[in-house]
Amino acid sequence: MAETIDQIFVLAKDRFLDLLGIVLPDWIILLVRILISIAVLLAVAPVVMMYMTWLERKVLGRIQNRYGPNRVGIFGLLQPIADGIKMLTKEDIVPKNADQVIHFLAPVVIVIAPLLVLAVLPFGRNMIAADLNVGLLFFLGVSTFGVIALFMGSWASRNKYSLLGGMRAFAQMISYEIPMVLSVVPVILVTSSLSTAAIVEAQLGWKWFIFTPWGGFAALVFFLCGVAEVNRTPFDLPEAESEIVAGFHTEYSGMKFALFYMAEFISTFAISGLAVTLFLGGWDGPAFLPSWFWFGLKTFILILIMIWFRGTLPRFRVDQLMGFAWKVFLPFTLANIFIAALWALLPYPKNFIADTIGITVILTLLQIFNRKETPKKRKYLYAN
Amino acid sequence: MSLPCAPTLKTELLEVSIGPQHPSTHGVFRMNAVLDGETVVKLKPVMGYLHRNHEQIAETLPYLANMPYTDRLDYICSMTNNFAYALAVEKLAGIDVPERAQYLRVMMAELTRLVNHSLLIGFLLNDLGAWFTPVFYAFREREKILDFFEAVSGSRMMCNYFRFGGVKADLPESALDQVRRIVRDYPRFLDEFERLLAGNEILKSRCQRVGILPKELAVNASITGPMLRASGVNYDIRKADRYSIYDRFDFRVPLGMTGDVYDRYYVRVLEMRESVKILEQVLKQMPEKGDILSAKGLQACRAPRMWKPPAGDAYGRIESPKGELGFYLVSDGSPKPYRYHVRPPSFINLTVLEDLCIGQKIADAVIILGSIDIVLGEVDR
């Protein structure tokens, strides 16, 4: 029974294809098999995005001592749909001096990347749309592509705030891409595979990489870089409301604006999903619940952490943001590759000791070298 | 080292007009900034979008009729605006204030300080990008104080509570309990607020060593209030003038060391704690019963259009939450002031904005503006 529920989506797809197979030739079945995966992803992603906005508003509301949406439907559950209708009916304003074509294309292009990367995420046992042998590389490569659309939008808007936002976005994405990729390298090193499905399989049976010394820190760096990569607080400089109004999407309204948000939320989901796949054992979990449930739960927890960040943390400044990537993350992730290599080379008790020593040394060094930038505690005097 | 393509690359400074419609200019304020990348090279404040002829209007009205107009100066602290204006007129006409009214006045002024400072810290964090969370917590506490103001004066923000020679009305039945509850709970809120914010590494690294206001510049530009004290100058009008009955209370004046945004933020936190102390003493010392309006004051308030102060001039000033708030009045013996002038702390504190911002990043300019603590109603008048 548990097996059936675990594989329910896979079985449903097979049964459907079997039925089609009675009337249709094989090559069409092959095509339909691919199309079904695509259709499911395309249908699920916007729904996930819509309910993530609902979840974010609800959780932020609780953090901020208020209720959040509760007027439309029970618990405000229909709020995302109301929002969608509102966005669709809004006037689409294009600035007079904007580059019309690129201004139009940017929001269209920006959703492509986050939708594409969903294809290589293993949502459960046997539930992966395309098990590429370079899946990880595909994910990292394609997700970077979003920044181009972002810059298209900011450049074509002919707005100074948009331009500032676009430049910040470009600098930030490029800087954080490097430690992000480097933090993934240890995983590839240990599993000797780039396929996401294979990475999950290597972690089956509670051998999640987050429980190893190198994996714990790599997961932290990867997650923080991921937060920076999808422009969320405290790294939301490209759309810093209090500084540059809305950054790159200042000049967008209606559905185009919604598309920017859709891209952001789907990327958030995708990055959380990849973090789960790489470090948190993917769909691995106690067998009494189906694998896709475990994947969903872990992703959900990571998303909640991001929302928690947003509700509590102020924003970094540009130079601090860059400093963080280049002075802290980059050296650490480079060292982490060697630490992970030690883990893979040495037998059990020895590798644990070697890793602990290695991490302590690198963290101490980072603290010493960044001492100038660490804030101080202050004393205040009183006059009578 | 110059890049090989440098001669062909033409770079320009970017002129950005921040405001008057901008999420974090605290109203309709505008800064014309010239940016080199992200760094501010030049910054000119543009004011006047909310100018409403406050001083001219006041000169066409009887003295008392102007009291509600002062509410609208700094619309977050209407009580202290009333206070300063009442003080000026009392000086002009030599009106005395009864004991209980004095205590009520100090109570209102200190509660206003709590409102202003907690709100300011919330909005400063908002400027820093902590998306509204601190603001909502500050609002929760502010609401309790506003409820008290409403119970006392009938209005939450535009209180219009002070009269020449006293206050408008005595406290209603249970209002004192409300204050007791506020005074009891406020330190806990401040502790919570501080635990959430003061230790935050991002807040520290964003605010420390940003927008440093040197002592000399602060004094030369006649900066007042928490901003001056954050730069380490010991000047508090409550101590210097000892107006009203501030000489009866035991409180200290917190001073900053460096005068950066963090000091300006933290001095305000410490000031709130001192305000709570003053409020505790007020509650202990306040007489149970007593007049709230003196005989001379009653005269001035009963027939405002007929009441004529003697010819002369007077300057009444108080330590408002934002700094020195002063009203200068010239009387020619008629029922209307001949000249009425406001010395608004926000406006004068704002004059150093450019000095603070040059060389900082654009994100810093926003928090520097936030830490100056301006209210546009007062800047533009």
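Within every chain, numbering begins at 1; the chains are lettered A, B, ... in the order of the sequence lines, protein sequences first and strands thereafter.
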Enquirer: Using only non-hydrogen atoms and a strict under-4.5 angstrom cutoff, which residues of residues 54-67 of chain A touch chain B?
Expert: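 Under the 4.5 Å heavy-atom cut-off, A:Leu60, A:Ile63, A:Gln64, A:Asn65, A:Arg66 qualify.
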
Enquirer: One thing to verify: whether B:Arg268 and B:Glu271 come together as a salt bridge, which I'm taking to mean a side-chain N less than 4.0 angstrom from a carboxylate O.
Expert: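 Salt bridge: no.
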
Enquirer: At under 4.5 Å between heavy atoms, what parts of residues 168-179 of chain A are in contact with chain B? List them by residue number.
Expert: A:Arg168

Enquirer: Go through it in stages, so that I can follow the logic: the residues are B:Arg30 and B:Tyr49, the test is side chain to side chain donor-acceptor pair (under 3.5 Å), and I'd like the CA-CA distance, side-chain angles, deciding distance and then a yes or no.
Expert: CA-CA 9 Å; B:Arg30 181 171 160 206; B:Tyr49 289 93; 2.8 Å; yes

Enquirer: Please flag which part of B:Glu38 lies under 4.5 Å from any non-hydrogen atom of chain A: side chain, backbone, both or neither.
Expert: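 Side chain of B:Glu38 only, per the 4.5 Å heavy-atom cut-off to chain A.
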
Enquirer: Among B:Ile18, B:Leu125, B:Asp364, B:Val135, which residue has the highest count of heavy-atom pairs closer than 4.5 Å to chain A?
Expert: B:Asp364

Enquirer: Counting only heavy atoms closer than 4.5 Å, note whether B:Leu14 contacts chain A via side chain, backbone, both or neither.
Expert: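 For B:Leu14, the contact with chain A is made by the side chain alone.
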
Enquirer: More than 12 non-hydrogen atoms from neighbouring residues, nucleotides or ligands closer than 6.0 Å to OH on A:Tyr382, yes or no?
Expert: yes

Enquirer: Would you call B:Arg113 and B:Glu274 a salt bridge, using N to O less than 4.0 angstrom?
Expert: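 Between B:Glu274 and B:Arg113 there is no salt bridge, as every charged N stays at least 4.0 Å from the carboxylate O atoms.
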
Enquirer: Examine whether an atom of B:Ser17 lies under 4.5 Å from a heavy atom of chain A, and if so say whether it belongs to the side chain, the backbone or both; otherwise answer neither.
Expert: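 Interface part for B:Ser17: backbone (N, CA, C, O).
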
Enquirer: Would you say the rings of B:Phe193 and B:Tyr137 are close, in the sense that their centroids are separated by under 6.0 Å?
Expert: no

Enquirer: May I ask you to name which of A:Arg317, A:Lys160, A:Gln320, A:Lys379 has the most heavy-atom pairs under 4.5 Å with chain B?
Expert: A:Arg317

Enquirer: Could you check A:Phe217, A:Phe222, A:Phe369 and say which one makes a ring-ring contact (aromatic ring centres under 6.0 Å, His included) with A:Phe332?
Expert: A:Phe217

Enquirer: Given a strict heavy-atom distance threshold of 4.5 Å, which part of B:Leu35 is in contact with chain A: side chain, backbone, both, or neither?
Expert: side chain

Enquirer: May I ask you to decide whether A:Lys256 forms a salt bridge with A:Asp92, counting only side-chain N to carboxylate O separations under 4.0 Å?
Expert: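 Yes.
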
Enquirer: Out of the candidates A:Phe257, A:Tyr261, A:Tyr252, only one should pair with A:Pro107 under the side chain to side chain contact (heavy atoms under 4.5 Å, CB included) rule; please name it.
Expert: A:Tyr252

Enquirer: Is chain B contacted by the side chain of A:Val245, its backbone, both, or neither, given a heavy-atom distance below 4.5 Å?
Expert: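 Both backbone and side chain.
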
Enquirer: Salt bridge check, B:Glu143 against B:Arg140: does any charged N sit closer than 4.0 Å to a carboxylate O?
Expert: no

Enquirer: Give the member of B:Asp236, B:Asp260, B:Asn234 that has the highest number of heavy-atom pairs under 4.5 Å with chain A.
Expert: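 Of the candidates given, the most pairs with chain A belong to B:Asp260.
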
Enquirer: Could you check whether B:Arg142 makes a cation-pi contact with B:Phe139, meaning its NZ or CZ is under 6.0 Å from the centre of the six-membered ring and within 45° of the ring axis?
Expert: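 Relative to the ring axis of B:Phe139, which defines the angle, B:Arg142 lies inside both limits.
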
Enquirer: Of the backbone (N, CA, C, O) and the side chain (C-beta and beyond), which part of B:Val269 lies under 4.5 Å from a heavy atom of chain A, both, or neither?
Expert: neither

Enquirer: Check whether NZ of the Lys or CZ of the Arg B:Lys239 lies under 6.0 Å from the centre of the six-membered ring of B:Phe251 and within 45 degrees of that ring's axis.
Expert: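 Ring-cation test returns yes.
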
Enquirer: Under a 4.0 Å N-O cut-off, is there an ion pair linking A:Asp236 with A:Arg315?
Expert: yes

Enquirer: Would you call A:Ser272 and A:Met306 a side-chain contact if the rule is heavy atoms closer than 4.5 Å?
Expert: yes

Enquirer: Does a side-chain N-to-carboxylate-O contact under 4.0 Å join B:Arg209 and B:Asp263?
Expert: no

Enquirer: Pick from B:His22, B:Gln21, B:Lys361, B:Glu15: which one has the most heavy-atom pairs with chain A under 4.5 Å?
Expert: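 Highest number of pairs under 4.5 Å: B:His22.
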
Enquirer: Among B:Glu201, B:Lys204, B:Met257, who wins on heavy-atom pairs under 4.5 Å with chain A?
Expert: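 The candidate making the most pairs under 4.5 Å is B:Lys204.
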
Enquirer: Please assess B:Ser275 against B:Glu110 for the test side chain to side chain donor-acceptor pair (under 3.5 Å), listing each intermediate value before the final yes or no.
Expert: CA-CA 6 Å; B:Ser275 282; B:Glu110 293 309 316; 2.8 Å; yes

Enquirer: Would you mind checking which part of B:Phe132 comes under 4.5 Å of any heavy atom in chain A, side chain (CB onward), backbone (N, CA, C, O), both or neither?
Expert: both

